[in-house]
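Working notes for the structure below.
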Amino acid sequence: MIRFEGAAKRHPDGTVAVRGLELDVPAGRTTVLVGPSGCGKTTILRMVNRMVVPTAGRVLLDGADVAGLPAAGLRRGIGYVIQQAGLFPHRRVIDNVATVPRLLGWDRKRARARAAELLELVGLPPETARRYPAQLSGGQQQRVGVARALAADPPVLLMDEPFSAVDPLVRAGLQEELLRLQAELGKTVLFVTHDIEEAVRLGDRVVVLREHGEIAQLADPHTLLTAPADADVAAFLGRDRGLRGLGLRPAGAVPLEPLEPSHDGWQLALDPEGRPEHWVRGAERHPAPVFAPSRDSLRSALDAALLAPSGLAVAVDDAGRAVGTASRAAVVEALARSQETGTAPKPPESPEKSPETPDAEQVPHAGR
Ligand SMILES: Nc1ncnc2c1ncn2[C@@H]1O[C@H](COP(=O)(O)OP(=O)(O)OP(=O)(O)O)[C@@H](O)[C@H]1O
């Protein structure tokens, strides 16, 4: 666990980058810092690996003040991924990834074997290992950056806008990959972005910051979207590519995945008619939130995905029978696509209004 106790940074020129942050970052989860440019996100992140030394307060890593830990050892135990990957241009990909294991004293063969394993883990084909960074695409370079950060199997991963330099499609793929990796590895991830969509997509918890690293709201994505703390947060949520249009856009644009027997250990219990009842995992049992692609909005789909313990919204037909699932990522991606084209996707064929679904009334106005 990372704890910020009144951690502040005041620069010699008088600029207060961070005023006095009180924040707990829980172990094994993804916490996303999001906020406008200059609000102190990078400063906060770098306080953890001592690239920035607080001028007041302190940062604790598993109870130990990082100021008292040797910087080199501390940094080797913390993965750090930055924009543009920050790879060594003159080293082959495999040796970029093997850097930290080599620093830890592993022999070259073992370090390279570990690097090869990691390249596979982040989805890079084996032939990329022998190339130099400049011979890879931007998205591939970011994957190498992630592999390198994971090389020493650090419990903590700091990620500073790692995906912001790549185009939206590649970015969506990288986000998907990170979600998959995190489900597998359960690192303590502190992730910085200025993109609220990315924050909502990746974060178990989202910290919305305003100037001087002050917390405007700390919440899970669902609470953030449905109950912004104040008008500033609401305005921030609605800005950029915004989530404002969610309630106006039909959920029919979300691609559905077929129902599987198990999703990360969660099983969907259906009634005899095939209608979803619960998500079940061992002794755990939670309601299965649903949406109807033929008449609901993207907002309903996103709510369902955010509320489901499996992270999957269950799509139902007009009779309420389960017909597929949609992940949080798939819903956000559908939103991004509809915004890129500037118009909402065509409403699905089902013009009748349903009294239970007020969003359906708004569908014909979407895109205006
Ligand atoms: N060396 C420095 N001297 C003076 N001010 C600085 C210095 N480094 C950063 N700052 C200021 O501290 C504030 C916080 O910077 P920081 O880089 O943490 O913001 P950020 O939220 O990460 O911004 P961005 O999203 O643009 O990367 C900014 O106002 C910045 O100008």
Side-chain angles (χ1 to χ4, degrees), residues 2-25 30-61 66-67 71 74-75 78-87 138 141-142 145-146 149 156-168 171 174-175 178 188-203 205-219 224 228-230 232-233 235-243:
I2 306 168
R3 167 168 284 175
F4 294 86
E5 281 183 355
K9 177 67 186 178
R10 187 189 180 92
H11 288 285
D13 69 355
T15 307
V16 177
V18 177
R19 189 160 272 154
L21 179 70
E22 301 285 343
L23 175 68
D24 281 350
V25 178
T30 300
T31 300
V32 180
L33 303 175
V34 64
S37 182
C39 71
K41 304 181 291 294
T42 296
T43 305
I44 293 169
L45 200 73
R46 291 182 173 185
M47 283 180 183
V48 179
N49 64 6
R50 276 184 55 187
M51 288 172 75
V52 168
V53 177
T55 43
R58 54 189 198 150
V59 180
L60 305 175
L61 188 60
V66 298
L74 175 74
R75 285 178 202 156
I78 298 177
Y80 185 45
V81 189
I82 55 173
Q83 207 186 97
Q84 312 278 18
L87 302 176
Q141 289 182 30
Q142 286 306 132
V146 173
V156 175
L157 210 50
L158 306 176
M159 307 186 83
D160 194 351
E161 305 242 10
F163 307 147
S164 57
V166 293
D167 72 60
R171 185 174 189 167
L174 290 167
Q175 291 168 341
L178 180 62
T188 305
V189 178
L190 191 55
F191 189 106
V192 161
T193 180
H194 57 264
D195 179 349
I196 187 69
E197 244 173 72
E198 184 164 73
V200 166
R201 192 165 172 184
L202 297 179
R205 305 199 318 159
V206 179
V207 186
V208 182
L209 297 166
R210 52 175 132 243
E211 282 215 318
H212 311 303
E214 284 178 6
I215 297 178
Q217 185 165 10
L218 192 173
L224 188 67
D230 57 32
D232 283 349
V233 176
F236 184 71
L237 290 174
R239 233 188 29 210
D240 296 338
R241 298 158 73 206
L243 295 155

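When a ligand or atom number is given, it counts from 1 through the structure's own listing order. Treat the numbers as computed from the prediction; the structure is a model and nothing was measured.
In the displayed structure, Arg210 atom CZ is contacted under 6.0 Å by more than 12 heavy atoms of other residues, nucleotides or ligands.
For atom 11 (C) of ligand 1, the closest non-hydrogen atom on the protein side is Thr15 CG2, 3.8 Å. The nearest heavy-atom contact from the protein to atom 27 (O) of ligand 1 is Thr42 OG1, 4.0 Å. Looking at atom 19 (O) of ligand 1, its nearest protein heavy atom turns out to be Gly40 N, 3.3 Å.
Arg19 places no side-chain N or O within 3.5 Å of a backbone atom of Glu211 that could act as its donor or acceptor partner. Proximity of a side-chain donor or acceptor of Glu22 to a complementary backbone N or O of Glu5 within less than 3.5 Å is not detected. Without hydrogens or angle criteria, Lys41 side chain to Gly35 main chain gives a donor-acceptor distance under 3.5 Å.
Considering only non-hydrogen atoms, atom 29 (O) of ligand 1 lies nearest to Gly38 out of Ala17, Gly38, Gly14. Compare His11, Arg10, Arg46 by their heavy atoms: the one nearest to atom 5 (N) of ligand 1 is in His11.
Every atom of ligand 1 with a heavy atom of Asp13 under 4.0 Å away is listed here by number and element: 4 (C).
Among the atoms of Thr43, some N or O lies under 3.5 angstrom from an N or O of ligand 1.
Contact annotation for atom 25 (O) of ligand 1: protein present (non-hydrogen atoms, distance under 4.0 Å).
Neither the backbone nor the side chain of Ile44 comes within contact range of ligand 1; no heavy atom lies under 4.0 Å. Neither the backbone nor the side chain of His194 has any atom closer than 4.0 Å to an atom of ligand 1 (non-hydrogen atoms only).
Side-chain polar atoms of Thr193 and Asp195 form no donor-acceptor pair below 3.5 angstrom.
Shown are Ile44, Val207, Thr43; of these, the side chain to side chain contact (heavy atoms under 4.5 Å, CB included) with Leu21 is made only by Ile44.
A distance of 6.5 Å separates CZ in Arg205 from CG in Leu23, rounded to the nearest 0.5 Å.
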